[in-house]
Amino acid sequence: MSFKNSQGKKIEILVSIDDGHQLDMQMAGLLLKYKIPAVFYIAPDFSDLVKRQILKIAGFGSCDFCKKSKGLFEIGAHTLNHPPDLKLLSDKEAMKEIGGSKIRLEKMMGYKKKVTRFCYPKGKFDERIKGIVKDAGFKEARTVGYLNIEFPKDPYRTDPTIHIHPDKKEFKGKTWMEWGYVLFDQVIKEGGRFELWGHSEEVERYNMWEFLDEFLWYMNSEMKKINYPRKI
Ligand SMILES: [Zn+2]
């Protein structure tokens with residue numbers, strides 16, 4: 001959710017985690033530790049999370065984690081099978097992948113929560129795919145854009161800010177954390193939208209858990225100073 005700071009600047013801060021890996025449970029624990037709002041984009045037939053784990057992230061149930069994380073996390077859809085390029089699918093196939101993932105995840109959650117956010121696998125989309133996402137009933141769709149802190153002009157093209165990744169050409173020789181601190185501070189000060197995104201599997205593969213912990217600690221401490229609401 002977006003919020004206005006004491007100077008009336010509009011701010012939105014969130015994390016999004018793609019695909020639905022077993023390590024998303026560890027990720028959810030870390031995000032809960034610092035109370036950072038997050039969306040977990042899941043492709044049900046590609047993900048290795050089981051229903052029980054997805055329900056736990058979504059905040060269903062009476063476990064301690066579920067109670068503490070209520071309202072902090074949301075489940076988003078990421079197609080059924082994570083096709084490498086949605087643009088290459090026929091209308092029928094794309095509708096099945098896109099609309100099917102929404103229906104599947106909503107069914108899994110006992111129709112108690114609507115899935116309104118979609119994320120294009122590998123950020124690949126065009127006008128046709130955007131239309132299918134809209135027709136399927138999604139309210140917004142995330143891409144894999146880089147270093148963006150503007151609010152989206154088109155809700156079906158929501159560009160995030162920082163990919164938690166050790167080596168991306170878009171970072172022009174800097175690390176994701178260096179960019180992260182600069183752009184996060186800018187959003188806190190001047191307003192804007194900061195979305196940190198990545199994959200739990202990559203955080204593990206590139207040994208980034210400690211760095212991520214440090215960065216989320218910083219986000220939390222700055223969010224506290226402006227009384228940022230801990231709700232997705
Ligand atoms: Zn993905």
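First listed ligand is number 1; within each ligand, the first listed atom is number 1.
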### Task
Evaluate the ring planes of Tyr218 and Phe184, with Trp represented by its six-membered ring, and classify them as parallel (under 30°), tilted (30 to 60°) or perpendicular (over 60°).
perpendicular
### Query
Parallel under 30°, tilted from 30 to 60°, perpendicular over 60°: which one fits the rings of His82 and His78?
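His82 and His78: perpendicular rings.
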### NZ-CG distance between Lys231 and Leu14, expressed to the nearest 0.5 angstrom
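Nearest 0.5 Å value for the NZ-CG distance: 15.5 Å.
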#### Entry: Among the N, O or S atoms of His82, the one nearest the Zn ion (ligand 1)
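The Zn ion (ligand 1) is closest to the His82 atom NE2, counting only N, O or S.
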### Cation-pi geometry met for Lys56 and Phe65 (6.0 Å, 45°)
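Yes - Lys56 lies over the ring of Phe65, closer than 6.0 Å to its centre and within 45° of its axis.
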### Query
Rounded to 10 degrees, what angle sits at the Zn ion (ligand 1) between Asp19 OD1 and His78 NE2?
90°
### Query
Of all the atoms in His199, is at least one N, O or S atom closer to the Zn ion (ligand 1) than 2.8 Å?
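No - counting backbone and side chain alike, His199 has no N, O or S atom under 2.8 Å.
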